[in-house]
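Some notes on the structure that comes next.
Excluded from the calculations below are hydrogen atoms, water molecules and symmetry mates; all remaining heavy atoms, backbone and side chain alike, are included. Residues: numbered from 1 along the sequence shown.
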Amino acid sequence: YSARDSVLVHPRWSPDGRFIATMLLDTKATAADPETVTMVAIGVADRAVRARISIPVVALADRVERQKVSWSPDGTKILVAGEMAVVATIATGVIDTLAQRPVAAEWGLTSDVLYYFAPSDSGPAVNQKTCGALFLRRLGDRQPTMLATAERVARLHVQVRGAPLH
C-alpha cells in the first residue's frame, strides 16, 4: 500500500493480525477537508484498502498527551481519542461520538462497551491530580452511565498514566 501526499501515523494491528489501520495526514497545503483525517484499514495479505473513514481531526489533536487509537476486542471498530473521542465502525464507516472533550478511554471485554474517565463539567473544583468521573458507555445507548463521581475517583487516588485530564 502506498499513500501519495500523505504521512501514515498511528498504525495499529487488528487483534487477529489480518488488518492494519492507520491515519493518513495530508502533506499538501490544501487538504480536501481540513476538519477530518482519513483513516484506512488495510488487509495485510492482499494490501487492499478495506475501509476508508473520515475521523474528526480534533480526535487526533496534539494538545492531548494521551492520544489513543485502539481496535475493539473483536476487530470491528476503532477508538480514536484526543481532544474528543470517537468510535469508527470499519464495515460501515459510521462514526459514534463517545465524548466531545478529552477523555481517557478503554474498551470493555466486548466491542460494544467502553469505559472512560472525564473531567467534571460543573461543581466545585476536583483535585486537579485526578482524572474526573468514571463512565460506562454502551455503543447502542446515546448517554453514558456514571459509575463513580469525580469526588469518589479522587478519594481512590486514581490517575491516568500519572497525569490529570484537566
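Pairing each heavy atom of E106 with each of L79, the nearest pair is N-CD2, 4.5 Å. Closest approach of S72 to P15, counting heavy atoms only: O-CG, 3.3 Å. Contact detail for A118 and R101: the closest heavy-atom pair is CB-NH2, 3.4 Å. The shortest heavy-atom contact between P73 and G108 is CG-O, 3.5 Å.
V37 is listed as a side-chain neighbour of V57, based on a closest heavy-atom distance under 4.5 Å. The shortest distance between side-chain heavy atoms of H10 and V80 does not fall below 4.5 Å. The side-chain heavy atoms of R18 and V44, taken from C-beta on, include no pair separated by under 4.5 Å.
Judged as a side chain to side chain contact (heavy atoms under 4.5 Å, CB included), and not counting sequence neighbours, the contacts of A21 are W71, I78. Residues passing the ring-ring contact (aromatic ring centres under 6.0 Å, His included) test with F135 are Y116, sequence neighbours excluded. Shown here are the salt bridge (Lys or Arg N to Asp or Glu O under 4.0 Å) partners of R50, two or more places apart in sequence or in another chain: D46. Applying the side chain to side chain donor-acceptor pair (under 3.5 Å) rule to R152 yields no partners; only residues at least two apart in sequence or on another chain are considered. With sequence neighbours excluded, the residues that form a side chain to side chain donor-acceptor pair (under 3.5 Å) with W107 are S70. Contacts of I95 classified as side chain to side chain contact (heavy atoms under 4.5 Å, CB included), with partners at least two apart in sequence or in another chain: I53, I55, V86, A88.
Between atom CE of residue M146 and atom CG of residue L136 there is a gap of 12.5 Å, rounded to the nearest 0.5 Å. Rounding to the nearest 0.5 Å places CG of L139 at 6.5 Å from CG of D112.
No path of Ile, Leu, Val, Met, Phe, Trp and Tyr side chains, each step under 4.5 Å between heavy atoms, connects I90 with V94, placing them in separate hydrophobic clusters.
Applying the salt bridge (Lys or Arg N to Asp or Glu O under 4.0 Å) definition to pairs two or more places apart or across chains, none involves residues 70-81. Sequence neighbours left out, the pairs with a member in residues 84-96 that pass side-chain hydrogen bond (donor to acceptor under 3.5 Å, both in side chains) are D96-R137.
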